[in-house]
Amino acid sequence: MAMTKPTAVALDSATVAFRLADGRVYTAVEQANLAVDHGEFVAIVGPTGCGKSTLLNVTAGLLKPAAGTARIFDKPLAGLNRDAGYLFQADALFPWKTAIDNVAIGLEIRGTPRSEALARAQQWLTSVGLGAFAGRYPHMLSGGQRKRVALAQVLIRDPKILLMDEPFGPLDAQTRQIMGNLLLELWTADRKAVLFVTHDLEEAIALADRVVIMSAGPSARIIGDWRITLPRPRDIAEIRMEKDFHALHREIWGVLKDEVMKGYVQSTQAGAA
Ligand SMILES: Nc1ncnc2c1ncn2[C@@H]1O[C@H](COP(=O)(O)OP(=O)(O)OP(=O)(O)O)[C@@H](O)[C@H]1O
Ligand SMILES: [Mg+2]
């Protein structure tokens, strides 16, 4: 019998609440159950403000659930999740460091000698297609190039779990597709557990093994979990033309669209957190 590997991420009835400035408690996420297997790529889609980043923050160990548990490789998460690399939505590059220094820093803070860190950083820049851009500062790079550097900065630390919060959000449609294919290529070479947040259902289906849908908040819940059995390797521009892709999209969108409208109304109401 094959050895079963422990589940990379397991949120069990996780409820997340924030205390607001006026003393009220806002329950953002209610009793979320979410499991990501070793080597599995899971996308989370849901309306704005529903709690997607909140779930990533719980998984990263930046937020503690008010109720329920977070387990990482079968151990209760206490403090920061050292197995996770987190690609934030906002640009997280140091503006005063070159591309190669931005990537090398991930190793240098661990005490890797600088010469070794630089050599590995150069390899990672090459892997993300930026081998010739090592000496550029972030302001000399395009938005898509900066995202590549950010990806290299996280991957050089070889995290077992990759948390990505709308990583390609600000990019144009073509660049998103190129980045999506790059991500799949890197992930195929070394299957990490991935938790990928996006508001783009098509992107989620094209990339993931599973798509998880959240309801609008407050007290957002996970309301759907679809297994995406489209064959791999995938080209995320081409897979969108497939009949099976369309069928899945129609089915999931049927559930998501009402929540998107509720989320929009909620986010425009005074008193909403
Ligand atoms: N520190 C905080 N204090 C109070 N409320 C918060 C805090 N952080 C988040 N919230 C609220 O919790 C809810 C979920 O926030 P979260 O950032 O997880 O949403 P999201 O799904 O990532 O949205 P988006 O798609 O817009 O990024 C929102 O209503 C938000 O206003
Ligand atoms: Mg967010």
Side-chain angles (χ1 to χ4, degrees), residues 9 11-34 36 42-68 70 77 79-81 84-92 143 147 150-151 154 161-171 173 176 179-180 183 194-205 207-208 210-226 252-253 255-273:
V9 176
L11 303 184
D12 188 12
S13 297
T15 294
V16 190
F18 298 105
R19 184 167 293 279
L20 304 178
D22 62 9
R24 283 182 305 150
V25 171
Y26 179 82
T27 303
V29 178
E30 178 103 27
Q31 298 204 348
N33 293 309
L34 179 66
V36 184
V42 175
I44 303 180
V45 187
T48 179
C50 71
K52 303 181 294 297
S53 299
T54 298
L55 282 188
L56 285 194
N57 289 338
V58 167
T59 308
L62 298 170
L63 268 179
K64 210 175 141 42
L77 178 57
L80 272 188
N81 180 352
Y86 201 157
L87 198 62
F88 295 98
Q89 185 166 7
D91 251 347
K147 288 292 174 194
L151 190 57
V154 170
I161 300 166
L162 191 53
L163 307 176
M164 306 180 84
D165 196 351
E166 302 239 20
F168 313 141
L171 306 177
R176 285 176 86 104
M179 289 298 294
L183 175 63
V194 179
L195 205 43
F196 184 100
V197 165
T198 175
H199 62 263
D200 181 344
L201 178 57
E202 287 195 30
E203 184 174 69
I205 298 171
L207 289 170
R210 270 170 49 219
V211 171
V212 169
I213 302 292
M214 290 180 77
S215 68
S219 301
R221 288 171 171 271
I222 289 175
I223 53 168
D225 191 333
W226 278 265
I252 304 176
W253 178 245
V255 173
L256 180 60
K257 71 170 181 240
D258 294 342
E259 299 303 324
V260 170
M261 279 317 294
K262 279 188 233 160
Y264 174 71
V265 171
Q266 167 77 18
S267 70
T268 58
Q269 276 168 356

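When a ligand or atom number is given, it counts from 1 through the structure's own listing order. Position 1 is the first residue of the sequence, and the numbers go up from there.
- Which of Thr54, Val25, Thr48 comes nearest to atom 26 (O) of ligand 1 through a heavy atom is settled by distance: it is Thr48.
- Considering only residues two or more places apart in sequence or on other chains, Phe88 meets the ring pair (Phe, Tyr, Trp, His ring centres under 6.0 Å) condition with Tyr86.
- Heavy-atom proximity to Leu20, at under 4.0 Å, picks out these atoms of ligand 1: 4 (C).
- Looking only at side-chain heavy atoms (C-beta outward), Asp12 and Asn33 come within less than 4.5 Å of each other.
- Looking at Cys50 against ligand 1, both its backbone and its side chain come within 4.0 Å, counting heavy atoms.
- Within the 4.5 Å cutoff, side-chain heavy atoms of Leu34 are placed close to those of Ile44.
- Within the 4.5 Å cutoff, the side chain of Phe168 has no heavy atoms near those of the Thr198 side chain.
- By heavy-atom distance, the residue among Ser53, Ala220, Gly49 lying nearest atom 22 (O) of ligand 1 is Ser53.
- Between Val194 and Leu207, every side-chain heavy-atom pair lies at or beyond the 4.5 Å cut-off.
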Could you give the side-chain donor-acceptor pairs of residues 210-217 under 3.5 Å, partners two or more places apart or in another chain?
from	atom 1	to	atom 2	distance (Å)
Arg210	NE	Asp225	OD1	2.9
Arg210	NH1	Ala35	O	2.8
Arg210	NH1	Glu40	OE1	3.0
Arg210	NH1	Glu40	OE2	3.3
Arg210	NH2	Ala35	O	3.2
Arg210	NH2	Asp225	OD2	3.0
Ser215	OG	Arg221	N	2.9
Ser215	OG	Arg221	O	3.4

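- Protein-derived N/O/S atoms nearer than 2.8 Å to the Mg ion (ligand 2) total 1, waters excluded.
- Taking only nitrogen or oxygen atoms, main chain and side chain alike, Gln89 does not reach within less than 3.5 Å of ligand 1.
- Residues meeting the side chain to side chain contact (heavy atoms under 4.5 Å, CB included) test with Thr48, sequence neighbours left out: Ser267.
- At least one side-chain heavy atom of Met164 sits under 4.5 Å from a side-chain heavy atom of Leu151.
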